[in-house]
**Student:** 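Here it is, the structure, as structure tokens.
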Amino acid sequence: MTYPLYEAKNEIVSKLKSALLKLNYTGEIKLEIPPTGLGDFAVPCFSFRSKIKKSPNEKANDIIKIFEKSVWIEKIEVKGAYINYFLNKETLKISTFKSISKEKEKYGYLDRKKEKVIVEHTSANPNGPLHVGRARNPIIGDTIVRIYKAAGYKVESQFYLDDMGKQVAILAWGVNNLDSKQIPKTKYDKPDHNTVGYYQISSKLLKENEEISKQIGLIVKKSEEGDKKTIDNVHSAYAPVLEGINESLKRINITIDNYIPESNFVKDNSSNKVVEILKTTKYCGFEEGAYYLDMKPFGIKGRNTNFFFLRKDGTTLYATRDIAYHLWKANHADILINVLGEDHKLESKQVEIALKLLKVKNIPKVIFYSFVSLPGGKMSTRRARVVYLDELIDECFNIAYNEVKKRRGKEISEKKMKEIAEIVGIGALRYNIIKVQPEKDIIFKWEEALNFEGNASPFIQYSHARACSILSKNQDEIKDVDPILLNNISEENLIKSLAKFPLVIEEACDSCRPHNIPSYLFEIASQFNKFYRDCPVLPEKNKYLRNARLALVNATRIVLKNGLEILGIAAPEEM
RNA sequence: GGGCGCGUGGCCUAGCCAGGAUAUGGCACCAGCCUUCUAAGUUGGUAGUCGCGGGUUCGAAUCCCGCCGCGUCCGCCA
């Protein structure tokens, strides 16, 4: 499928190319979006070179002299060093309407591609419920999954399950040795919350009691040696935690396609194969029976640049198994994306270097996010200084519920109010996290997380509900739609923005910027509300104009719904 | 000590990768707009040395160098 603005851009670029050729100008063509009122596309002429010395303004004038009008270009202007292009409004209106009404729930989505993508995200230690500190991970990850799907890729999400480490060993020891009476009751009757107490108590005991510390160490060692009984025992300890995590994720519209246990790569011996190859590289070093790679030649700096991949007792380390996992992933997909906390930056770099030494071509693209911290500092499951994701979800629901009750309490049923509150609350949560660039620090403040006004999901959902409300009140068939009749400035701006949707998806995907989607949807919702203010739809007497406006409302509804879908946020028909 | 990331009105944030036209929007605050399609909306206003100092350039929030602040990492942990 070819979307309207792609046609327009192609036309400008190809005409510009031939103009430059004729004039003997050289240089790269950059299409920009100019400030409001100066046209739809702009080309700066600073960088064009010519034999005779001329100012950018003179060059721009030379170019537009030989530029012909066309289907897409209605007007060309020179302002300073810029050529400003004004699109033919009729062409834009007609083709945008045609495109949206043809593609419907697929509008904006890009052509199917052959490549398969694996997105690894969340991968939390299954020792307790997800907390807000790492809550960005599933939300960023799942949004990336949805963006890549919208961009036409086949996508699989994976949760790398750390079933061998010390964290799960501590948990397993607790489950095996502690009496359930010792475990404090939690306010959530959920398997992950019911289990985390074992972890918290045994990690306290671990510090105080050397014998316990030894026993936990033994669990780790046996796991790493691939002892099936131990691995199964650990599995039954963390299984309820994982079940609880899954439940929470499901509530915020996230499902993981596959859980990949770390122990797989010990069982199948692939981590040992990684060790054998790494040992043969010239960067390999040996220290008291343990093996490492010297990372200095690869630009890694710090107190200690040795990257150990084999202990003196012959067992592998977390990073070694991670390398084996990536080796496996590289053979199962064309594009790999990892969503990781910023604490994994060094490890991720070490894995990347090792993969290159193993001649792996398919190196993952990694999105690092900064931790969400509390006003007093960072969160910690061990010290029980946490806000759990479940608490945040419930708070979002409660606030949303109060809002719905305040506004609609007299009109709609309790059940309906709860449905709406769930949709609005979850939306607010996901939107608030995804609208900020992953690498920015977030200090978690309840009043900000739960602000439902302005640039927040309820605003967008509300606009969608408004559109649905208008459409549901219309009894007549929407036919003979003539978009050319829509010449109010609010209508024209809205149509232009609707036309941009595919470009936004492409950009969000190519540059891995999930936060582009929320800002685009905010733009659409704002413009729709301005249209709503300026252009009455149902009361409009002229039936042709009324039909065209109804079609515009429907087109907006489609874009809002499709866009919210990419964010994993439901689009309610009423609020 | 070193590496990496971040620093934009009182608070939050876009733009930075690919330098370019009056720096984007939101929250809060002030003043308006509901007998008309849901006011979770909308109009206007107050508010900015783009952390600081240099440099490159016709032009720097954007690129380069130095410094400051915050986060994070530098385990035979995960």
Side-chain angles (χ1 to χ4, degrees), chain A residues 28 30 32 34-35 38 42 44-47 55-56 79-82 84 125 162 164-169 220 262 287-292 295 299-306 308-313 315-319 321-322 341-347 349 368-371 373 378 400 403-404 406-408 411 424 428 432 435-443 445 447-448 451-463 465-474 511 513 515-516 519 522-523 525-526 528-530 532-540 549 553 574-575:
Chain A
E28 209 186 329
K30 278 188 289 187
E32 295 179 2
L38 295 178
C45 300
F46 302 96
S47 62
S55 72
K79 195 142 197 179
Y82 290 86
N84 293 329
N125 259 319
D162 183 5
M164 317 205 66
K166 200 168 175 185
Q167 310 306 318
V168 281
V220 176
E262 196 179 323
E287 193 180 292
E288 294 173 30
Y291 290 83
Y292 63 86
M295 291 278 118
I300 304 289
K301 287 163 188 161
R303 286 194 197 102
N304 181 0
T305 58
N306 291 345
F308 281 88
F309 59 88
L310 190 69
R311 292 195 186 93
K312 67 176 169 208
D313 67 1
T315 56
T316 54
L317 288 98
Y318 166 81
R321 297 175 308 253
D322 201 15
E342 60 177 336
D343 56 338
H344 270 66
K345 277 183 183 175
L346 178 61
E347 192 262 350
K349 190 78 194 158
F368 294 105
Y369 62 90
S370 297
F371 297 120
S373 57
K378 69 185 267 188
E403 290 291 320
V404 178
K406 196 168 79 193
R407 290 160 216 269
R408 310 287 306 280
E411 303 167 55
V424 171
N432 257 304
K435 78 173 176 184
V436 181
Q437 290 182 22
E439 58 272 18
K440 290 236 188 196
D441 300 340
I442 294 183
I443 296 167
K445 294 176 192 130
E447 63 273 23
E448 272 170 30
N451 188 348
F452 283 17
E453 269 162 19
N455 188 1
S457 162
F459 171 71
I460 297 169
Q461 293 172 313
Y462 180 73
S463 306
R466 247 186 182 170
C468 290
S469 166
I470 293 172
L471 293 168
S472 73
K473 285 199 173 96
N474 169 54
S511 51
R513 293 181 192 203
H515 64 279
N516 285 6
S519 56
F522 182 67
E523 176 190 326
S526 300
F528 178 67
N529 282 322
K530 282 167 192 155
Y532 180 88
R533 175 199 62 197
D534 296 337
C535 307
V537 180
L538 298 175
E540 176 55 51
R549 283 183 177 163
V553 171
E574 65 172 308
M575 272 173 74

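Just so it is clear: chains get the letters A, B, ... in the order the sequence lines come, proteins before strands, and each one is counted from 1.
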**Student:** Need one value for A:Pro35: base, sugar-phosphate or nothing, where a base atom within 4.0 Å counts as base even if backbone is also close, heavy atoms only.
**Tutor:**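 A:Pro35: base contact, heavy atoms under 4.0 Å.
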**Student:** Whole Å only: how far is the CD atom of A:Glu32 from the P atom of B:rA23?
**Tutor:**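 These atoms are roughly 16 Å apart.
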**Student:** Remember a base hit wins even if backbone is also touched, and classify A:Val424 as base, sugar-phosphate or nothing at under 4.0 Å, heavy atoms.
**Tutor:**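 A:Val424: base contact, heavy atoms under 4.0 Å.
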**Student:** Compare the minimum distances between each of B:rG7, B:rG3, B:rU38 and the side chain of A:Arg466, then state the nucleotide with the smallest one.
**Tutor:**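 That would be B:rU38.
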**Student:** Not counting sequence neighbours, which residues clear side chain to side chain donor-acceptor pair (under 3.5 Å) with A:Thr315? List them please.
**Tutor:**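 If we apply the side chain to side chain donor-acceptor pair (under 3.5 Å) test to A:Thr315, skipping adjacent residues, the hits are A:Arg311, A:Asp313.
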**Student:** Check every strand shown and say whether A:Asn84 touches a base, only sugar-phosphate, or nothing at a heavy-atom separation below 4.0 Å.
**Tutor:**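 Base contact - A:Asn84 has a heavy atom under 4.0 Å of at least one base atom.
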**Student:** What interatomic distance, in whole Å, is found between P of B:rA47 and the corresponding atom of B:rG66?
**Tutor:**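 That atom pair is separated by 38 Å.
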**Student:** Roughly, in whole Å, what's the span from CZ in A:Phe46 to P in B:rG59?
**Tutor:**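 Interatomic distance, CZ of A:Phe46 to P of B:rG59: 12 Å.
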**Student:** Classify the nucleic acid contact of A:Val404 as base, sugar-phosphate or nothing, counting any heavy atom under 4.0 Å across all strands shown.
**Tutor:**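 Base contact - A:Val404 has a heavy atom under 4.0 Å of at least one base atom.
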**Student:** When all nucleic acid strands are considered with a 4.0 Å heavy-atom cut-off, which category describes A:Gly165: base, sugar-phosphate, or nothing?
**Tutor:**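 Result for A:Gly165 = sugar-phosphate.
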**Student:** Atom OH of A:Tyr292 to atom P of B:rC77: distance rounded to whole Å?
**Tutor:**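 In whole Å, B:rC77 P lies 16 Å from A:Tyr292 OH.
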**Student:** For the pair made of NZ in A:Lys79 and C1' in B:rU22, what is the distance, rounded to whole Å?
**Tutor:**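 After rounding, the gap between these two atoms is 11 Å.
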**Student:** Is the phosphate of B:rG41, meaning OP1 or OP2, less than 4.0 Å from a side-chain N or O of A:Arg533?
**Tutor:**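 Negative; the distance criterion is not met.
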**Student:** What pairs with A:Glu447 under side chain to side chain donor-acceptor pair (under 3.5 Å), at least two apart in sequence or on another chain?
**Tutor:**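 Counting only residues at least two positions away or on another chain, A:Glu447 forms no side chain to side chain donor-acceptor pair (under 3.5 Å).
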**Student:** Dot-bracket, RNA chain B: Watson-Crick or G-U, under 3.5 angstrom, [ ] crossing, | other strand?
**Tutor:** (((((((..(((.......[....))).(((((.......))))).....(((((..]....))))))))))))....
**Student:** Using a cut-off of under 3.5 Å, enumerate the N/O to N/O pairs linking the protein to nucleotides 64-73 of chain B.
**Tutor:**
{"from": "B:rG71", "atom 1": "O2'", "to": "A:Glu342", "atom 2": "OE2", "distance (Å)": "2.9"}
{"from": "B:rU72", "atom 1": "O2'", "to": "A:Glu342", "atom 2": "O", "distance (Å)": "3.4"}

**Student:** Who passes side chain to side chain donor-acceptor pair (under 3.5 Å) against A:Arg466, sequence neighbours left out?
**Tutor:**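 A:Asn529.
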**Student:** Is any side-chain N or O of A:Arg513 closer than 4.0 Å to OP1 or OP2 of B:rC17?
**Tutor:**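 Result: no.
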**Student:** Apply side-chain contact (heavy atoms from CB on, under 4.5 Å) to A:Pro35 and list each qualifying residue two or more places apart in sequence or on a separate chain.
**Tutor:**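 A:Pro35 satisfies side-chain contact (heavy atoms from CB on, under 4.5 Å) with A:Leu38 once adjacent residues are dropped.
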**Student:** Counting heavy atoms from C-beta on, name the nucleotide in B:rA14, B:rU43, B:rG41 closest to the side chain of A:His515.
**Tutor:**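 So the nucleotide nearest the side chain must be B:rA14.
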**Student:** Name the nucleic acid region contacted by A:Asn125, choosing base, sugar-phosphate or nothing; use a 4.0 angstrom heavy-atom cut-off, strictly under.
**Tutor:**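 A:Asn125: backbone/sugar contact only, no base atoms under 4.0 Å.
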**Student:** Under 4.0 angstrom, heavy atoms only, what part of the nucleic acid is A:Ala81 near: base, sugar-phosphate, or nothing?
**Tutor:**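 No contact.
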**Student:** Who are the side-chain contact (heavy atoms from CB on, under 4.5 Å) partners of A:Glu287, not counting sequence neighbours?
**Tutor:**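 For A:Glu287 the side-chain contact (heavy atoms from CB on, under 4.5 Å) partners, ignoring immediate neighbours, are A:Tyr292, A:Asn306, A:Phe308.
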**Student:** For B:rG15, does either OP1 or OP2 sit under 4.0 Å from a side-chain N or O belonging to A:Gln437?
**Tutor:**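 It does, given that an N or O in the side chain of A:Gln437 lies less than 4.0 Å from OP1 or OP2 of B:rG15.
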**Student:** Considering residues at least two apart in sequence or located in another chain, which fulfil the side-chain contact (heavy atoms from CB on, under 4.5 Å) criterion with A:Lys406?
**Tutor:**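 With sequence neighbours excluded, A:Lys406 shows a side-chain contact (heavy atoms from CB on, under 4.5 Å) to A:Glu403, given in chain and number order.
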**Student:** For B:rC17, is chi within 90° of 0 (syn) or not (anti)?
**Tutor:**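 The base of B:rC17 is oriented anti (glycosidic angle more than 90° from 0).
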**Student:** List in chain and number order the residues that pass side chain to side chain donor-acceptor pair (under 3.5 Å) with A:His515, two or more places apart in sequence or in another chain; answer none if no residue qualifies.
**Tutor:**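 Checked A:His515 against side chain to side chain donor-acceptor pair (under 3.5 Å); zero matches.
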**Student:** If you only use heavy atoms from C-beta on, which nucleotide in B:rU38, B:rA18, B:rC37 is closest to the side chain of A:Pro539?
**Tutor:**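 Closest nucleotide to the A:Pro539 side chain: B:rC37.
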**Student:** Check this one for me: any side-chain N or O of A:Arg311 less than 4.0 Å away from OP1 or OP2 of B:rA78?
**Tutor:**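 Yes, such a contact exists.
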**Student:** Which value, in whole Å, describes the distance between the P atoms of nucleotides B:rU72 and B:rG25?
**Tutor:**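 Roughly 34 Å separates the two P atoms.
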**Student:** Using 30° and 60° as the class limits, which term best fits the ring planes of A:Tyr369 and A:Phe371: parallel, tilted or perpendicular?
**Tutor:**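 Geometry flag for A:Phe371 against A:Tyr369: perpendicular rings.
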**Student:** Determine the contact category for A:Leu310: base if any of its heavy atoms lies under 4.0 Å from a base atom, sugar-phosphate if only primed atoms, P, OP1 or OP2 are that close, otherwise nothing.
**Tutor:**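 The answer is nothing, as A:Leu310 stays clear of every strand by at least 4.0 Å.
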**Student:** What's the closest nucleotide to the side chain of A:Lys301 if the choices are B:rG7, B:rA21, B:rG2?
**Tutor:**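 Selected nucleotide (nearest to the side chain): B:rG2.
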**Student:** Of A:Phe452 and A:Lys312, whose nearest nucleotide on RNA chain B comes first from the 5' end?
**Tutor:**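 Its nearest nucleotide lies further toward 5', so the answer is A:Phe452.
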**Student:** Show each protein N/O and nucleotides 55-57 of chain B N/O combination with a separation under 3.5 Å, one pair to a line.
**Tutor:**
none

**Student:** Look at the side chain of A:Val436 and decide which nucleotide, out of B:rU13, B:rC77, B:rG41, has an atom nearest to it.
**Tutor:**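 Comparing B:rU13, B:rC77, B:rG41 against the side chain of A:Val436, the answer is B:rU13.
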**Student:** Go through it in stages, so that I can follow the logic: the residues are A:Lys435 and A:Ser519, the test is side-chain contact (heavy atoms from CB on, under 4.5 Å), and I'd like the CA-CA distance, side-chain angles, deciding distance and then a yes or no.
**Tutor:** CA-CA 7 Å; A:Lys435 78 173 176 184; A:Ser519 56; over 6 Å; no
**Student:** Just jot down the side-chain contact (heavy atoms from CB on, under 4.5 Å) partners of A:Ser511, sequence neighbours excluded, or say none.
**Tutor:**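 So A:Ser511 forms a side-chain contact (heavy atoms from CB on, under 4.5 Å) with A:Glu507, A:Arg513.
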**Student:** Here's a test of your reading of the structure: between A:Lys30 and A:Met575, which maps to the more 5' nucleotide of RNA chain B?
**Tutor:**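 Upstream on the strand: A:Lys30.
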**Student:** If you go through the side-chain atoms of A:Arg303, does one of them form a donor-acceptor pair with the base of B:rG2 closer than 3.5 Å?
**Tutor:**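 No, the side chain and the base share no sub-3.5 Å donor-acceptor pair.
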**Student:** Quickly work out the A:Asn304 CG to B:rC77 P distance and round it to whole Å.
**Tutor:**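 Rounding to the nearest Å, CG of A:Asn304 and P of B:rC77 are 12 Å apart.
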**Student:** Between atom CD in A:Glu287 and atom C1' in B:rC76, what is the gap in whole Å?
**Tutor:**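 So the CD-C1' distance, A:Glu287 to B:rC76, works out to 9 Å.
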**Student:** Across the strands shown, which category fits A:Glu523 at heavy-atom distances under 4.0 angstrom: base, sugar-phosphate, nothing?
**Tutor:**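 It contacts nothing in the nucleic acid.
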**Student:** Would you say A:Tyr532 places a side-chain N or O within less than 4.0 Å of OP1 or OP2 belonging to B:rA39?
**Tutor:**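 So the side chain of A:Tyr532 is within the cut-off, an N or O lying under 4.0 Å from OP1 or OP2 of B:rA39.
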**Student:** B:rC64 and B:rC6: how far apart are their P atoms, nearest whole angstrom?
**Tutor:**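 My reading of the P atoms in B:rC64 and B:rC6 gives 11 Å.
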**Student:** What's the CD-P distance between A:Glu574 and B:rA39, to the nearest Å?
**Tutor:**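 After rounding, the gap between these two atoms is 15 Å.
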**Student:** So, does A:Ser469 get its side chain near the phosphate of B:rU38, meaning an N or O under 4.0 Å from OP1 or OP2?
**Tutor:**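 So the side-chain polar atoms of A:Ser469 do come within 4.0 Å of the phosphate oxygens OP1 or OP2 of B:rU38, strictly under.
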**Student:** Can any side-chain N or O of A:Arg321 pair as donor or acceptor with the backbone N or O of A:Thr316 at less than 3.5 Å?
**Tutor:**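 Yes, A:Arg321 side chain to A:Thr316 backbone: donor-acceptor pair under 3.5 Å.
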**Student:** Tell me what A:Phe459 touches on the nucleic acid: a base, only sugar-phosphate, or nothing, going by heavy atoms under 4.0 Å.
**Tutor:**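 Sugar-phosphate contact only.
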**Student:** If you check the A:Glu439 side chain, which of B:rG41, B:rC6, B:rC11 turns out closest?
**Tutor:**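 Nearest to the side-chain atoms of A:Glu439, counting from C-beta on, is B:rC6.
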**Student:** A:Cys535 near the nucleic acid: base, sugar-phosphate alone, or nothing, with a heavy-atom cut-off under 4.0 Å?
**Tutor:**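 It contacts base atoms.
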**Student:** Rounding to an integer number of angstrom, what distance separates B:rU24 and B:rU49 when you compare their P atoms?
**Tutor:**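 Roughly 15 Å separates the two P atoms.
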**Student:** Classify the ring geometry between A:Tyr318 and A:His344 as parallel (under 30°), tilted (30 to 60°) or perpendicular (over 60°).
**Tutor:**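 Taking A:His344 first and then A:Tyr318, their aromatic rings stand perpendicular (interplane angle over 60°).
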**Student:** Looking for any heavy atom pair under 4.0 Å, which part of the strands does A:Pro56 touch: base, sugar-phosphate only, or nothing?
**Tutor:**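 Contact class for A:Pro56: none.
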**Student:** Atom pairs, N/O to N/O, protein against nucleotides 25-33 of chain B, distance under 3.5 Å?
**Tutor:**
{"from": "B:rG26", "atom 1": "O2'", "to": "A:Asn455", "atom 2": "N", "distance (Å)": "3.2"}

**Student:** Whole angstrom is fine here: how far is it from CD1 in A:Ile443 over to P in B:rC6?
**Tutor:**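 So the CD1-P distance, A:Ile443 to B:rC6, works out to 16 Å.
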